[in-house]
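Because the structure is a prediction, the values reported are computed rather than measured. When reading the values below, keep in mind they use all heavy atoms of this one structure, side chains included, and skip hydrogens, waters and symmetry mates. Read the numbers this way: they start at 1 and go in the same order the structure lists the ligands and their atoms.
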Amino acid sequence: MGYVFIKNANELLTVKGHSEKPARKEAMNDLGIIENGALLIKDEKIEAAGETEFLKEKYSDEIRQAEIIDAKGKVVAPGFVDPHTHLVFAGTRENEYNMRLQGASYMEIMEQGGGIHATTRMTREASFEDLYDQSYRRLDKFLEHGVTTLEAKSGYGMEWEVEKRQLEVAHELDKKHAVDIVHTFMGAHVIPREYKDSPDEFVRIVTDEMLPKVAESNLAEFNDVFCERGVYTPEQSRRILEAGKKYGLLPKIHADEIEPYEGAELAAEVGAVSADHLLKVSDRGLEMMAEQGVVAVLLPGTAFFLMAESANGRKAIDAGVPVALSTDCNPGSSPSVSMPFMLNLASLKMGMSPAEAITSATINAAHAIKRGSTIGSLEPGKKADVVIWDIPHHLQFTYHYGVNHTETVIKNGRIVYSKGDKL
Ligand code: NIG
Ligand code: FE
């Protein structure tokens with residue numbers, strides 16, 4: 001390995017100072033920018049970040065041995081962290097997309113046995129290899145869009161063998177692919193068709209049968225539930241999240257997406273790491289999340305694709321909630337792998353400044369998956385997960401909307417993607 005020296009960046013976005021706790025309020029606008037910045041990487045970690053001339057003098061010996069990357073006229077930033085994806089699934093649902101364009105709603109399609117049920121059928125039928133190949137290709141695309149770590153949920157099995165297969169595929173991808181993966185069990189993604197008339201029996205299966213197996217097999221770190229009218233009630237969701245806690249699984253929740261349903265309140269009460277979606281969150285819910293430090297993971301692609309009004313990012317930030325952004329990559333409500341597009345939407349549809357969007361997709365996203373101390377900013381000692389953007393100023397990131405500005409991706413100190421090169 002050895003040294004890598006990235007020099008002359010027009011802007012080096014360190015996003016520093018929030019490794020212990022996520023950035024909130026005004027602090028989200030401070031990207032810790034160093035003009036004419038440089039980064040010295042030693043093996044897998046960041047050794048130093050600072051002004052180019054200063055580092056050249058201070059580390060002349062190290063730089064003599066280093067691989068040099070000239071980032072003149074470019075922006076150097078932390079790799080994006082995507083804290084909410086349904087990475088491992090089989091098949092696609094463009095037929096439902098077409099139905100929605102003609103007026104059908106996401107929930108209607110699901111109630112008729114499509115939606116999550118449709119992907120569950122396809123995922124149950126898919127082999128390990130098939131799931132692995134489809135997901136590997138998606139991960140490549142994430143990397144091309146500047147993502148260096150993502151969270152991946154199960155939830156298209158809803159029977160143990162298939163949930164386990166999804167989690168095992170994600171573990172294998174974590175080993176083989178450059179992108180790091182953090183694992184979430186989501187056995188309670190929807191009420192399976194088989195338990196339509198006995199939802200509490202399925203909740204019991206999740207809490208008493210599946211969760212112990214998740215813990216025993218060490219396949220996940222987080223436990224998630226879709227708390228929504230017609231899916232899991234707040235009371236059932238609480239049972240599922242509390243049961244997970246007993247097995248050491250940290251709670252996450254899909255909350256207040258379609259209707260206000262006190263999901264954010266529940267997240268604060270159970271001490272969730274994050275509450276995600278929040279299109280219809282109540283003021284009280286935001287207040288309680290701010291008090292408890294629950295990260296709001298906002299998913300602008302989902303609102304966009306479901307043609308719904310976006311979550312109010314501005315209001316959440318002003319309420320003191322730490323905000324993160326994510327793709328929610330999944331085949332039904334957000335078939336996208338593009339964090340850059342999520343930042344575009346955050347700025348243009350959610351009242352967030354470009355700087356707040358960048359903070360939300362880096363250090364705050366790292367906190368949403370409990371990785372704030374190791375990734376999400378460019379500070380000495382952290383993993384060298386770095387992206388070089390082919391723009392001179394961070395404001396251009398969301399200004400040139402719908403464009404992927406990623407030029408080079410460095411993961412653990414190694415170049416793993418370079419625009420124009422084959423992977
Ligand atoms: O986060 N809201 C629930 N779950 C996913 C959608 C999954 C699907 O439609 O396949 C989401 O939007
Ligand atoms: Fe989701």
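For the pair NE2 of His84 and NE2 of His254, the angle whose vertex sits at the Fe ion (ligand 2) is 90° to 10 degrees.
Because its NZ or CZ atom is not both nearer than 6.0 Å to the ring centre of Tyr132 and within 45° of the ring axis, Arg165 does not count as a cation-pi partner of that residue. Stacking of Arg204 on the aromatic ring of Tyr195 is not recorded, the 6.0 Å distance cut-off and the 45° axial limit not both being met.
The distance between the ring centers of His145 and Phe80 does not fall below 6.0 angstrom. In this structure, His177 has its ring center closer than 6.0 angstrom to the ring center of Tyr136. Annotation: Phe341 is in aromatic contact with Phe304 [ring centroid separation under 6.0 Å]. Centroid-to-centroid, the aromatic rings of His84 and His277 come within less than 6.0 Å.
No other N/O/S atom of His86 lies as close to the Fe ion (ligand 2) as NE2 does. Nearest N, O or S atom of Asp328 to the Fe ion (ligand 2): atom OD1.
Tested against Asp224, the residues His86, His189, Lys153 include a single side-chain contact (heavy atoms from CB on, under 4.5 Å) partner, Lys153.
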Under 3.5 Å: N or O atoms of ligand 1 paired with protein N or O:
residue: ligand 1; atom: 1 (O); partner: His86; partner atom: NE2; Å: 3.4
residue: ligand 1; atom: 1 (O); partner: His254; partner atom: NE2; Å: 3.0
residue: ligand 1; atom: 1 (O); partner: His277; partner atom: NE2; Å: 2.9
residue: ligand 1; atom: 1 (O); partner: Asp328; partner atom: OD1; Å: 2.9
residue: ligand 1; atom: 1 (O); partner: Asp328; partner atom: OD2; Å: 2.9
residue: ligand 1; atom: 2 (N); partner: Glu257; partner atom: OE1; Å: 3.0
residue: ligand 1; atom: 4 (N); partner: His189; partner atom: NE2; Å: 2.9
residue: ligand 1; atom: 9 (O); partner: Arg93; partner atom: NH2; Å: 2.8
residue: ligand 1; atom: 9 (O); partner: Tyr106; partner atom: OH; Å: 2.5
residue: ligand 1; atom: 10 (O); partner: Arg93; partner atom: NH1; Å: 2.9
residue: ligand 1; atom: 10 (O); partner: Arg93; partner atom: NH2; Å: 3.4
residue: ligand 1; atom: 10 (O); partner: Tyr156; partner atom: OH; Å: 2.6
residue: ligand 1; atom: 12 (O); partner: Asp328; partner atom: OD2; Å: 2.9
residue: ligand 1; atom: 12 (O); partner: Ser333; partner atom: OG; Å: 2.6

